[in-house]
Amino acid sequence: MIRVLCLSGPNLQLLGTREPGIYGTETLEQIHERLRAEGAALGAEVECAQSNHEGVLCDRIGAAPGVYNGLLLNGAALTHTSLALYDALRAVALPCVEVHLSNPEAREPYRRASLIAPACVGKVSGFGGESYLLALRGLMGHLRKT
Ligand code: DQA
């Protein structure tokens, strides 16, 4: 059984009511439920967690080797600022897919740069909650090849 850890960063616990014009009306728990069901259909167990704290996300990434085969990470605003998340991903060397609900490249200029992208095998953005599911499919394909 393939095990996947899905991490979401700051303010994503507010999905459903947070800027619905940008992020949609689906809650993070609803996305997690769909992700777990999709994982089961693909032969993966998906564990999901959210934190507003950079260090907690680094702790989860650091503890992932030996437990999980791969990662999905929506770093939220930390995507654009966190060298610590980049270093954590490099340190564990587990395949990670970067996820975003919106398309940050099409938004404010300060969202265009991702510090974590160079430590990821790929990125899915712009499809709302569906981005998480597409990212899981991409990660599973990657894991099956390697
Ligand atoms: C986000 C995009 C980020 O720029 C933003 O800070 C978020 C959410 C997304 O999923 O679209 O909090 O990661």
Side-chain angles (χ1 to χ4, degrees), residues 2-42 44-65 67-143:
I2 287 177
R3 297 201 73 209
V4 173
L5 176 63
C6 173
L7 294 173
S8 295
N11 304 310
L12 292 171
Q13 84 281 11
L14 299 174
L15 286 180
T17 56
R18 177 190 178 194
E19 298 188 86
I22 297 174
Y23 299 115
T25 53
E26 200 174 15
T27 66
L28 189 59
E29 194 40 49
Q30 287 168 339
I31 294 171
H32 287 170
E33 271 169 33
R34 290 211 286 148
L35 204 48
R36 286 189 286 260
E38 180 76 6
L42 296 171
E45 190 181 319
V46 184
E47 186 176 326
C48 303
Q50 184 276 335
S51 178
N52 291 322
H53 304 281
E54 186 177 32
V56 171
L57 295 168
C58 288
D59 286 346
R60 293 300 303 254
I61 294 168
V67 183
Y68 302 99
N69 303 93
L71 305 168
L72 305 176
L73 175 60
N74 184 349
L78 294 172
T79 303
H80 316 298
T81 62
S82 179
L83 190 55
L85 279 182
Y86 168 78
D87 280 348
L89 292 173
R90 293 294 293 228
V92 300
L94 284 173
C96 177
V97 178
E98 180 179 345
V99 185
H100 299 284
L101 298 121
S102 67
N103 178 5
E105 277 88 358
R107 298 178 60 193
E108 301 94 330
Y110 50 80
R111 292 186 203 276
R112 285 185 197 147
S114 166
L115 290 195
I116 65 169
C120 293
V121 294
K123 165 153 75 170
V124 180
S125 58
F127 299 104
E130 200 66 23
S131 291
Y132 282 79
L133 302 184
L134 294 168
L136 178 62
R137 275 178 228 146
L139 178 64
M140 292 297 285
H142 177 85
L143 288 171

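Both ligands and their constituent atoms are indexed starting at 1 by order of listing. Everything numeric in this text was worked out from a predicted model, so none of it was measured.
Under the rule for a side-chain contact (heavy atoms from CB on, under 4.5 Å), the partners of Leu35 that lie at least two apart in sequence or sit in another chain are Cys6, Val46, Cys48, Leu72, Tyr132, Leu133, Leu136.
In this structure, Ile116 CD1 and Leu57 CG are separated by 10.0 Å, a value rounded to the nearest 0.5 Å. Interatomic distance, CD of Gln50 versus CG of Leu15, reported as 8.5 Å (0.5 Å rounding).
Within the set Arg107, His80, His100, Arg18, the minimum heavy-atom distance to atom 1 (C) of ligand 1 is found for His100.
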Side chain to side chain contact (heavy atoms under 4.5 Å, CB included) between Arg137 and Val124, worked out: CA-CA 10 Å; Arg137 275 178 228 146; Val124 180; over 6 Å; no
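Below 3.5 Å of separation, one finds an N or O of Leu101 facing an N or O of ligand 1. Of the N or O atoms in Val99, none lie within a sub-3.5 Å distance of an N or O in ligand 1.
No side-chain donor from either of Thr79 and Glu98 sits under 3.5 Å from a side-chain acceptor of the other.
Applying the salt bridge (charged side-chain N to carboxylate O under 4.0 Å, His left out) rule to pairs touching residues 46-60 yields Arg3-Glu47, Glu47-Arg60, sequence neighbours excluded.
Within the 4.0 Å heavy-atom cutoff, Asn11 does not count among the residues contacting ligand 1.
Residue Asn74 touches ligand 1 through its side chain alone, judged by heavy-atom distances below 4.0 Å.
Nearest to atom 6 (O) of ligand 1 among the protein's heavy atoms is Arg111 NH1, 3.0 Å. Regarding atom 11 (O) of ligand 1, its nearest protein heavy-atom neighbour is Ser102 OG, 2.6 Å.
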